[in-house]
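Since the structure comes first, as structure tokens, the remarks are kept for the end.
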Amino acid sequence: MELSDVKFACLDTETTGLSFDSGGKICEIAVSVSQNGRVLEEFSTLINPDTPISPAVIAIHGITNEMVKDSPKFEDIIPQLLGVLDGCVLVAHNAGFDIPFIRAEFNACGVNFPPYPVIDTLKLARKSGMFASNRLGDVTRQLGFNCEGWHRAMADTKMAEKILYYFITTLNQRGVHTLEQLDDFQCKRWADLVSCK
């Protein structure tokens, strides 16, 4: 599929812990859907995780127990979230964290999470070899973009979106025009792929 035809759903979650299996839950989620660089739709909400958020975690993202106590439960947002993600390729910086968390929340609600294609901007950053640090805020800052609000879901989502389109523009100059080619560049070292062309 041509990249200009792809709807990308950049997303981020904030959580109460490091894994769902160890009791962590999602307490905020944000999605920005775009195509060819144009934002089509945005969705963001705090979520009541039904579990206390520890002071150590609050110190990271700033989301307090008071902020989420009247927020919807995850099961309440599933219909809207599925509507926003319909027909999209998911994008996240460190998708190996966010996607399993979202899938686990769906499973806990008795709903299957569809098998969306996924592009991970962290993988693209690592495989490019361009950055001193591949952390979201550091990559964003090195590219000259604003990283204000780092560690809140919508701010992180918009950073991943900027990084995605930076990579799409950069890789277009290397002959990358399809989703399949972009997937190759997140799985193999860019230098190896370019030398094979």
Side-chain angles (χ1 to χ4, degrees), residues 1-14 29-44 81-103 106 112-197:
M1 178 184 280
E2 291 290 322
L3 287 171
S4 58
D5 296 329
V6 177
K7 281 201 310 180
F8 290 106
C10 294
L11 59 82
D12 184 71
T13 62
E14 300 302 331
I29 189 167
V31 183
S32 178
V33 177
S34 62
Q35 183 175 1
N36 216 16
R38 185 171 67 89
V39 175
L40 306 176
E41 185 175 7
E42 293 182 346
F43 170 70
S44 179
L81 186 57
L82 286 173
V84 171
L85 299 180
D86 185 46
C88 291
V89 172
L90 306 190
V91 179
H93 198 82
N94 193 11
F97 178 84
D98 296 285
I99 305 303
F101 245 113
I102 295 170
R103 185 178 294 115
F106 268 75
N112 288 326
F113 187 61
Y116 302 98
V118 177
I119 295 294
D120 190 337
T121 54
L122 174 59
K123 288 182 179 179
L124 286 168
R126 285 175 173 162
K127 296 300 180 182
S128 74
M130 295 167 55
F131 303 99
S133 163
N134 295 307
R135 296 173 69 214
L136 176 64
D138 294 335
V139 172
T140 303
R141 191 179 296 112
Q142 187 171 328
L143 292 177
F145 299 130
N146 187 343
C147 60
E148 185 178 347
W150 189 10
H151 294 309
R152 285 300 301 269
M154 186 53 84
D156 289 2
T157 292
K158 300 308 283 186
M159 282 187 255
E161 190 173 68
K162 289 173 184 173
I163 293 168
L164 170 70
Y165 284 105
Y166 170 82
F167 283 139
I168 286 175
T169 300
T170 300
L171 289 171
N172 181 264
Q173 297 165 3
R174 298 172 183 243
V176 175
H177 305 292
T178 69
L179 182 60
E180 293 75 19
Q181 290 172 319
L182 183 63
D183 184 56
D184 280 345
F185 274 78
Q186 75 173 347
C187 297
K188 301 172 186 173
R189 290 192 316 163
W190 288 19
D192 294 342
L193 286 163
V194 171
S195 66
C196 289
K197 290 188 180 298

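Fair warning: this is a prediction, and the values are worked out from it, not measured in the lab. Side chains included, hydrogens not; waters and symmetry mates left out as well; all remaining heavy atoms used.
- Within the 4.5 Å cutoff, no side-chain heavy atoms of I102 are placed close to those of Y116.
- Within the model, atoms CZ of R174 and CZ of F167 stand 10.5 Å from one another, a figure rounded to the nearest 0.5 Å.
- With no hydrogens or angles considered, no side-chain donor-acceptor pair links D120 and H93 at under 3.5 Å.
- Using modelled atom types, one side-chain atom of Q186 and one backbone atom of V118 make a donor-acceptor pair closer than 3.5 Å.
- Looking at N172 and H177, their side chains come closer than 4.5 Å, going by heavy atoms from C-beta outward.
- Separating the CE atom in M159 from the CH2 atom in W150 is a distance of 7.5 Å, to the nearest 0.5 Å.
- A side-chain donor-acceptor contact under 3.5 Å links T13 and D98.
- For the 3.5 Å distance criterion, the side chains of K162 and T140 fail to qualify, holding no donor opposite an acceptor.
- Using a 4.5 Å cut-off on side-chain heavy atoms (C-beta onward), L193 and Q181 make no contact.
- A donor-acceptor pair under 3.5 Å is formed between the side chain of E180 and the backbone N or O of M1.
- Note that CD1 of I119 is 4.0 Å distant from CG of L182, once rounded to the nearest 0.5 Å.
- More than 12 heavy atoms of other residues, nucleotides or ligands lie within 6.0 Å of CD in E41, so this atom counts as buried by the packing criterion.
- Side-chain contact between K127 and K188 is absent, with no heavy atoms from C-beta onward closer than 4.5 Å.
- In this structure, the side chains of I163 and C10 stay at 4.5 Å or more apart for every pair of heavy atoms.
- For the atom pair OG1 (T121) and CG (N94), the distance works out to 9.0 Å, reported to the nearest 0.5 Å.
- L143 has its side chain within reach of F131: a pair of non-hydrogen atoms, C-beta onward, lies under 4.5 Å apart.
- Once rounded to the nearest 0.5 Å, the distance linking SG of C147 with CD of Q142 reads 12.0 Å.
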